[in-house]
Amino acid sequence: MSDHTTSAPLPRPGGLASRAAAQPAAGYLQGLNPEQRLAVEATDGPVLVLAGAGTGKTRVLTTRIAHLIATGRAYPSQILSVTFTNKAAREMKERVANLVGPVAEGMPWLGTFHSISAKLLRRHAELVDLRSDFTILDTDDQIRLMKQVIQAEGIDEKRWPGRMLAGFIDSWKNRGLAPKDVPPGESGVFANGKGGKLYAAYQDRLKTLNAVDFGDLLLHCLTLFREHPELLANYHERFRYILVDEYQDTNVAQYLWLRLLAQGRRNIACVGDDDQSIYGWRGAEVDNILRFEHDFPGATVVRLERNYRSTGHILATAAKLIARNEGRLGKTLRTEDEAGEKVTITGAWDSQEEARLISDEIEAMQSKGENLSEVAILVRISAQMREMEERLIHVGVPYRVIGGPRFYERAEIRDAMAYLRCVVSPTDDLAFERIVNVPKRGLGDATIQLLHNHARATGFSLMQSARAVVETEELKPKARTALRELVEAFARWSGRAESMQQGELAELVLEESGYTEMWQKDRSADAAGRLENLKELVRSLDEFPDLPSFLEHVSLVMDADSGDGGARVSIMTLHAAKGLEFDTVFLPGWEEGLFPSQRALDENGRAGLEEERRLAHVGLTRARKRLKLYFASNRRIHGLWQSSLPSRFIDELPEDHVEVVQAPTAYGQGGYGASRFERMESFGSSYQTPGWQRAQENKAKFGSGGNSSGFSEAGQRGFGSGGGRQRGPVLIEGELTAKSTGTSAFDPGARVFHVKFGPGSVASVDGNKLTVDFDKAGRKMVLDSFVQKAG
DNA sequence: CAGCCTAGAGTTTTT
DNA sequence: CTCTAGGCTG
């Protein structure tokens with residue numbers, strides 16, 4: 001290994017380090033509370049910092065790094081500091097730089113598990129049978145490859161889809177299992193026992209392609225360390241201190257990775273919060289954090305419990321909720337902040353009204369001049385976003401959606417990348433296959449198949465095969481010409497790669513390949529945006545010294561540029577909100593089945609419920625000053641209106657700290673009050689009627705789809721915006737209280753018209769509920785306010 | 001080979 | 001309901 005830092009002596013007296021150490025209580029330590037300070041100053045040996053939400057976790061981490069550097073314990077290049085996301089890594093780098101100055105620039109080992117692993121692997125690729133210019137596949141490439149492998153085995157790809165295999169393989173990799181390590185019982189679950197075999201075949205394919213997937217980055221590192229102890233020892237020497245952020249999110253592979261590296265000096269500090277572990281479904285093992293003291297005997301455990309973020313009521317609410325979980329290390333958050341406003345809970349008739357209530361609140365805040373960037377709407381599932389967006393567009397409140405497809409996952413970026421990959425490494429078959437017929441060149445399945453056959457027979461890459469095949473008569477003239485042109489173009493581009501600025505080269509490639517033109521001709525709504533993204537890609541290219549380093553950056557680091565500093569409300573999933581905070585937080589959709597998610601309950605029972613509860617806890621603790629929860633009695637799921645009960649989590653909140661703001665609607669109130677009754681105490685829903693199914697049954701009582709669909713347009717106008725700024729629920733309550741509303745204005749036999757179902761005749765009347773035989777839609781039960789007299 | 005149409009599915013997401 | 005992937009037809 002050539003890295004000079006390995007053999008560099010420790011700072012000597014008189015160096016920068018000792019000067020800093022000589023100063024009493026260094027400036028960076030000031031303002032830390034005693035626990036934080038302990039977490040910073042316990043430099044040697046294993047340390048576990050249990051940092052509750054808003055307790056200054058990042059501050060501890062960055063100050064600790066500053067402390068290690070300033071006291072001369074380590075050079076920046078001797079500190080291994082791992083995060084999960086690039087965002088976290090970036091933030092940490094910035095904050096360390098603020099503390100210690102430009103020395104922090106030299107922190108080559110501050111990064112994500114994956115980027116650090118990639119770096120290690122590029123150095124030692126040959127030891128795990130790779131070339132150092134290996135490509136990193138994304139999920140899409142991965143699945144395409146799986147499909148090929150599955151088909152090659154002669155398995156029906158429909159019954160055993162590639163993405164399913166990808167899921168299995170991913171979870172094996174998460175657990176650090178190579179093909180040979182997969183328990184036979186598990187490898188059997190896919191394709192009648194072929195799972196393990198397919199995994200092995202897939203790994204073989206990757207090796208031939210000189211490619212790795214995300215999981216391999218970790219896995220190959222494990223192999224590297226295990227099979228080359230001298231190399232590992234070398235890194236033990238180098239990494240004097242190891243820091244880990246969000247430790248509760250580590251999976252088994254990451255845990256093993258850390259354990260191997262920490263073995264040497266045992267100077268490992270993990271910071272995390274078991275109450276914020278929300279990624280169990282993708283392999284995170286809360287156990288890693290629960291087991292820390294056992295794995296690292298003699299560990300110093302520090303609890304950070306003083307919260308600097310939220311007001312009293314909010315914190316008390318969150319604390320009470322999370323206290324219901326059993327599998328936790330136990331922390332009690334406290335604040336010295338004022339009690340503030342109570343947390344509110346509002347019931348709405350349906351999800352549209354819920355959106356309306358939230359937008360009303362936001363508009364009110366906006367008119368008071370509050371900063372919309374301090375407002376967030378956090379949802380359980382992305383499907384909830386659309387309705388919120390529609391509503392905000394309707395009232396003209398600016399918003400931004402956080403999350404969604406990442407920059408490099410967009411088709412146009414991946415296509416452009418594939419072109420560049422082919423230019424840089426003509427043997428990249430996956431990239432070649434991706435763009436061979438994009439834009440359309442008349443090179444379809446038949447041509448690809450031929451190339452594949454040729455490649456398999458000769459051991460050539462697809463590009464080489466193409467070059468050979470165009471010299472033969474095997475292809476029809478049309479296809480042959482097209483393919484020849486493509487192959488020649490790539491030769492030309494590759495030839496220029498040396499001499500040209502990569503940004504220019506990319507532009508040239510995209511232009512000459514006809515790719516840009518393809519989108520220019522496209523008239524779909526998002527074509528302009530895609531061209532814009534391509535421009536962005538070209539622009540960012542020039543920030544890199546060369547194409548390969550750019551490609552690495554894009555596959556591992558690049559994320560969507562959510563720039564744009566305008567004041568906007570943020571909409572995102574609860575998962576995406578972890579680590580963020582806002583003055584005001586809206587939490588819609590607290591309903592059984594949605595949150596906690598029925599699926600989490602069905603698939604993981606109590607563990608699933610507890611993870612959902614932690615997710616709720618994450619949501620609650622995002623708020624600094626104002627926290628507003630909502631539930632709707634009716635929600636459209638997969639296009640069907642379903643009625644739902646308020647979430648059990650609502651029942652679990654402390655009455656002293658929450659306020660049920662609006663008397664919920666008549667129905668809503670029934671639901672809220674009755675929910676304690678109706679729900680069973682246990683969570684195992686297997687023997688319990690699922691919420692949504694019960695909702696189906698209830699539906700009859702309140703009219704099937706009819707009433708609610710009418711809500712969409714006529715309904716909204718009818719009560720919502722029309723009747724003088726009134727709160728929706730009040731009006732709806734009137735509509736629903738059949739008994740007190742008196743009789744309907746309709747008589748049996750009357751002809752009526754319904755916005756959704758069209759014309760029909762009234763069959764019977766029950767209060768304000770009508771049974772109508774619609775001419776087209778058949779017999780439906782609807783509320784009279786949704787129909788008009790006709791003919 | 002390309003465009004249209006139909007059938008099926010449909011949490012949470014980073015790297 | 002809405003999207004996507006794959007199948008079928010021109």
Side-chain angles (χ1 to χ4, degrees), chain A residues 82-89 111-118 136-139 142-144 147 157-158 161-163 167 170 173-174 212-219 246 249-251 253-254 277-284 378-387 402-406 408-409 411 437-448 476 478-479 482 552-560 572-579 589 593-604 608 611-612 614-616 618-619 635-642 705 708-709 712 756:
Chain A
V82 215
T83 63
F84 275 85
T85 64
N86 296 300
K87 199 175 144 206
T112 62
F113 277 103
H114 296 269
S115 66
I116 291 172
S117 296
I136 300 168
L137 303 188
D138 59 32
T139 325
Q142 232 184 93
I143 291 172
R144 275 192 296 148
K147 276 187 187 166
E157 208 265 326
K158 283 227 199 72
R163 59 170 44 259
D170 229 41
K173 289 186 175 177
N174 282 158
V212 300
D213 61 23
F214 286 120
D216 284 338
L217 289 171
L218 273 296
L219 223 48
E246 306 278 18
D249 288 338
T250 48
N251 60 35
Q254 287 157 340
S277 163
I278 54 176
Y279 287 110
W281 51 273
R282 71 176 195 212
L378 311 181
V379 297
R380 176 64 184 83
I381 59 171
S382 354
Q384 288 171 262
M385 291 187 187
R386 177 189 297 253
E387 231 164 354
I402 298 183
R406 319 226 130 249
Y408 61 81
E409 277 170 7
N437 201 29
V438 180
K440 304 261 182 278
R441 301 189 170 88
L443 300 170
D445 286 348
T447 313
I448 310 286
K476 294 202 177 102
K478 225 166 128 193
E552 175 96 344
H553 176 84
V554 176
S555 53
L556 281 177
V557 178
M558 194 138 162
D559 40 24
M572 70 191 96
T573 62
L574 287 159
H575 284 91
K578 192 165 76 145
L594 178 62
F595 192 28
S597 133
Q598 191 58 49
R599 196 152 153 185
L601 264 38
D602 289 344
E603 289 173 11
N604 295 306
E611 182 152 314
E612 293 287 297
R614 290 194 291 270
L615 190 55
V618 166
R635 189 174 293 274
R636 195 159 45 180
I637 314 276
H638 304 332
L640 293 170
W641 283 92
Q642 313 255 270
S708 28
S709 55
S712 51
K756 177 83 179 285

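Every value quoted in this text rests on a predicted model; they were computed, and no experiment measured them.
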Give a yes/no answer on whether the side chain of [X] brings an N or O atom under 4.0 Å of OP1 or OP2 in [N].
{"X": "A/R163", "N": "B/dG10", "answer": "no"}
{"X": "A/T573", "N": "B/dT13", "answer": "yes"}
{"X": "A/N174", "N": "B/dT15", "answer": "no"}
{"X": "A/T112", "N": "B/dT14", "answer": "no"}
{"X": "A/T447", "N": "B/dC1", "answer": "yes"}
{"X": "A/K147", "N": "C/dG6", "answer": "yes"}
{"X": "A/N86", "N": "B/dT14", "answer": "no"}

At under 4.0 Å between heavy atoms, what does [X] touch on the DNA or RNA strands: base, sugar-phosphate, or nothing?
{"X": "A/R386", "answer": "sugar-phosphate"}
{"X": "A/T139", "answer": "base"}
{"X": "A/S597", "answer": "base"}
{"X": "A/A446", "answer": "sugar-phosphate"}
{"X": "A/E612", "answer": "base"}
{"X": "A/L615", "answer": "nothing"}
{"X": "A/D249", "answer": "nothing"}

Task: Of the listed nucleotides B/dT15, B/dA2, B/dT13, the one nearest the side chain of A/L556 - done: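 Nearest nucleotide to the side chain: B/dT15.
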To the nearest Å, give me how far apart [atom1] ([X]) and [atom2] ([N]) are.
{"X": "A/K440", "N": "B/dA2", "atom1": "NZ", "atom2": "P", "answer": "6 Å"}
{"X": "A/Q384", "N": "C/dT2", "atom1": "CD", "atom2": "P", "answer": "17 Å"}
{"X": "A/R441", "N": "B/dA2", "atom1": "CZ", "atom2": "P", "answer": "11 Å"}
{"X": "A/F113", "N": "B/dT15", "atom1": "CZ", "atom2": "C1'", "answer": "12 Å"}
{"X": "A/H575", "N": "B/dT15", "atom1": "NE2", "atom2": "P", "answer": "15 Å"}
{"X": "A/I637", "N": "B/dA9", "atom1": "CD1", "atom2": "C1'", "answer": "15 Å"}
{"X": "A/R599", "N": "B/dG10", "atom1": "CZ", "atom2": "P", "answer": "7 Å"}
{"X": "A/H114", "N": "B/dT13", "atom1": "NE2", "atom2": "P", "answer": "16 Å"}

Task: Euclidean distance, A/I381 CD1 relative to A/L574 CG, rounded to 0.5 Å - done: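 Going from CG on A/L574 over to CD1 on A/I381, the span is 11.0 Å.
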Open item on the list: Would you call the rings of A/W281 and A/H575 parallel, tilted or perpendicular, taking 30° and 60° as the class edges?
Closed with: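 Taking A/H575 first and then A/W281, their aromatic rings stand perpendicular (interplane angle over 60°).
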Task: Option passing side-chain contact (heavy atoms from CB on, under 4.5 Å) with A/F214 (candidates A/L218, A/L217, A/D216) - done: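 Passing option: A/L217.
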Task: Any donor-acceptor N/O pair under 3.5 Å between B/dT12 base and A/R380 side chain - done: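 For A/R380, whose side chain was compared with the base of B/dT12, there is a donor-acceptor pair (under 3.5 Å).
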TODO: Compare every heavy atom of A/I402 with every heavy atom of A/M385, then report the nearest pair and how far apart it is.
DONE: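 Where A/M385 meets A/I402 most closely, the heavy atoms are CE-O, 4.4 Å.
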Task: Centroid distance under 5.5 Å and plane angle under 30°, A/W281 vs B/dT12 - done: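 Stacked: ring centres under 5.5 Å, planes under 30°.
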TODO: Kindly state whether the pair A/H638 / B/dA9 counts as stacked, where counting means centroids closer than 5.5 Å and planes tilted less than 30° apart.
DONE: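 Taking the rule of under 5.5 Å and under 30°, the ring of A/H638 does not stack on B/dA9.
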- [ ] Pick the C1' atom in B/dT14 and in C/dC3, then give their distance to the nearest Å.
- [x]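 Roughly 23 Å separates the two C1' atoms.
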- [ ] Find out whether A/L378 and A/M572 are in side-chain contact, i.e. whether some heavy atom of one side chain is under 4.5 Å from a heavy atom of the other.
- [x]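 Heavy-atom side-chain distance check passes, below 4.5 Å.
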Open item on the list: Between A/D170 and A/R282, does any side-chain N to carboxylate O distance fall below 4.0 Å?
Closed with: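 No, this pair does not count.
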